[in-house]
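So the structure is just underneath, and the comments pick up after that.
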Amino acid sequence: MDHIALMFEQEGCNKDDWTFISDRMKGVDLAVRDTFPRATRRVCCQHLYMNCKNNGFSGSAFFKLFWIAANAHNEYVYGKALEKITAHDPNAAAYLDTCQEQWSRHMFDPARHACILIVGRKWCMERVGARFDMAIDMEDGQLTEYAKKEVDERTGESRFCYATACGGGEFEVRDAHVNFPIRLSTRSCGCGKWQISGIPCKHALGVIYDQRLNPIDFVSPFFKSAAYKLTYADHIHPMSDPTQWPDFSLPTIQPPVIKRQAGRPAKKRKRGPNEPRKGKRNNNVKCGKCREFGHNSRTCKNGGPSTGPSTSAAAGASTSQGGPRRRKRANTST
């Protein structure tokens, strides 16, 4: 973290309210707190779910409720999901309450959008090169591919939203049986999705189309051509092979001495409990009674009708046979 802060200082960046996303490693938390006191700490939801699973909180019901809470854009949806998690397993809800880092979308600050991506040179060169060529051909005010796709999908969903003008640039949108307040001046919606994503939600698009406005004008500048061209204003240049690099007669740094461990060395990396096994079929079991994943009908605790033959029918079938039949001997007399 000290080296990252030094790099920012050398590049002339005085920003100190970064957002760091990682797992719940205590060493990272302490280093961030000491180096960037104003930084925001977020936790990776996949790591948080794996921690829950390692503590015994698993199953398809908890899996669905956890990700509903993680993807909630407003406090109401988050609270409802937490209530269902508490009813399902109070210990799981108590464990999630101990997480001091931000992990649900509704906790995020819409004004903070900063990300540091560390990847391989070749992968980054191909990705940046393709977007560098794409940025050259973009017109002024044009949306990125991601933003255009999101606007198109949410436009289709906005057909079922009904807007009512309240005056002063405020609107009330009814979606099914729920009402959401809309303010075009502040670009906010009661569902919270517009503020977090920077792209108008289906409720806001219902108002925008009702007022005969252009939805592109209400998309965040981060998803338009000016920001896209500024991000990919340069590309990574190709490099020659290391054998053609100039020789500076510097000493060769040798790798550290590694003591060979007992046993046969592993050829494959150890995968996480939630990662699929490579080259094997998916072993996710589906129960024949409750139709849920994660267990079979013999270990089912949810109940439900059994799909197999009934006990009475099986008993009747066994009694009607009257035991095993004997094979008749062939009559050899003539």
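Start at 1 with the first residue, then count along the sequence. Side chains are part of it too, since the values below use all heavy atoms of this structure and drop only hydrogens, waters and symmetry mates.
- The side chain to side chain donor-acceptor pair (under 3.5 Å) contacts involving residues 134-147 comprise nothing, where partners must be two or more places apart or lie in separate chains.
- Here the side chain of D210 pairs no donor or acceptor atom with the backbone of G206 at under 3.5 angstrom.
- Sorted by first then second residue, the side chain to side chain donor-acceptor pair (under 3.5 Å) pairs that include residues 164-179, not counting sequence neighbours, are E170-R183, D175-K202, D175-H203.
- A distance of 11.5 Å separates SG of C45 from CG of N51, quoted to the nearest 0.5 Å.
- For the salt bridge (Lys or Arg N to Asp or Glu O under 4.0 Å) condition, no pair includes a residue of residues 211-226, sequence neighbours left out.
- Considering every non-hydrogen atom in both V128 and D234, the closest pair reads CG1-O, 3.7 Å.
- L205 CG to C161 SG: the interatomic distance, rounded to the nearest 0.5 Å, is 9.0 Å.
- Between the side chains of D152 and T155, no donor-acceptor pair is found at a separation under 3.5 Å.
- Within a 6.0 Å radius of CG in L250, other residues, nucleotides and ligands contribute more than 12 heavy atoms.
- Annotation: the span from L96 atom CG to S104 atom OG amounts to 10.5 Å, rounded to 0.5 Å.
- One N or O on the side chain of N296 and one on the backbone of T299 form a donor-acceptor pair closer than 3.5 Å.
- Note on M50 and W67: same hydrophobic cluster, where clusters join Ile, Leu, Val, Met, Phe, Trp and Tyr whose side-chain heavy atoms are under 4.5 Å apart, directly or indirectly.
- Here Y209 pairs with nothing under the ring pair (Phe, Tyr, Trp, His ring centres under 6.0 Å) rule; sequence neighbours left out.
- For the pair F62 and A92, the tightest heavy-atom approach, listed with the atom from each and the gap, is CE1-CB, 3.7 Å.
- For the pair K193 and C201, the tightest heavy-atom approach, listed with the atom from each and the gap, is CB-CB, 4.1 Å.
- With sequence neighbours left out, T98 forms a side-chain hydrogen bond (donor to acceptor under 3.5 Å, both in side chains) with no residue at all.
- Aromatic ring centres of F66 and W103: separated by under 6.0 Å.
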Checklist entry - When you look at L213 and L184, which way does the side chain to side chain contact (heavy atoms under 4.5 Å, CB included) test go after all the steps? => result CA-CA 11 Å; L213 300 175; L184 295 180; 4.1 Å; yes

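- The minimum heavy-atom distance linking M1 with A31 is given by the pair CG-CB, 3.7 Å.
- Residues satisfying the ring pair (Phe, Tyr, Trp, His ring centres under 6.0 Å) test with F171, not counting sequence neighbours, are none.
- What you find for S60 and E292 is that their closest heavy atoms are OG-OE1, 2.8 Å.
- Counted within 6.0 Å of NZ on K148, heavy atoms from surrounding residues, nucleotides or ligands total 12 or fewer; the atom is thus considered open.
- Note on I21: it does not cluster hydrophobically with F108, by side-chain heavy-atom contacts below 4.5 Å among ILVMFWY residues.
- There is a path of hydrophobic side-chain contacts, each under 4.5 Å, that joins Y95 to F63.
- Between the side chain of R131 and the main chain of T231, no donor-acceptor pair closer than 3.5 Å is present.
- The shortest distance between side-chain heavy atoms of F36 and F8 falls below 4.5 Å.
- In this view, D241 satisfies the salt bridge (Lys or Arg N to Asp or Glu O under 4.0 Å) rule with no residue, not counting sequence neighbours.
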Next on the checklist: Using the rule given for side chain to side chain contact (heavy atoms under 4.5 Å, CB included), can you reason through F218 versus I208, listing the C-alpha separation, both sets of side-chain angles and the distance that settles it, and then say yes or no?
Outcome noted: CA-CA 9 Å; F218 296 90; I208 292 171; 3.7 Å; yes

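- In this view, R159 satisfies the side-chain hydrogen bond (donor to acceptor under 3.5 Å, both in side chains) rule with no residue, not counting sequence neighbours.
- For K286, the side-chain contact (heavy atoms from CB on, under 4.5 Å) criterion is met by R291, F293, not counting sequence neighbours.
- Each side chain to side chain donor-acceptor pair (under 3.5 Å) pair with one or both residues in residues 73-87, not counting sequence neighbours, would appear here, but there are none.
- Under the 4.5 Å side-chain heavy-atom criterion for Ile, Leu, Val, Met, Phe, Trp and Tyr, M239 and I236 are members of distinct hydrophobic clusters.
- With sequence neighbours excluded, the residues that form a ring pair (Phe, Tyr, Trp, His ring centres under 6.0 Å) with Y228 are Y232.
- No single ILVMFWY cluster, assembled from side-chain heavy atoms under 4.5 Å apart, contains both L143 and I136.
- For the pair R42 (side chain) and T19 (backbone), a donor-acceptor distance under 3.5 Å is absent.
- Rounded to the nearest 0.5 angstrom, F222 CZ and I199 CD1 are separated by 12.5 Å.
- Qualifying ring pair (Phe, Tyr, Trp, His ring centres under 6.0 Å) partners for H237, counting only residues two or more places apart in sequence or in other chains: H235.
- R187 CZ to S220 OG: the interatomic distance, rounded to the nearest 0.5 Å, is 7.5 Å.
- Of all non-hydrogen atoms in A233 and F132, the two that sit nearest each other are O-CE1, 3.5 Å.
- Atoms OG and CG, from S58 and D89 in turn, are 9.5 Å apart once rounded to the nearest 0.5 Å.
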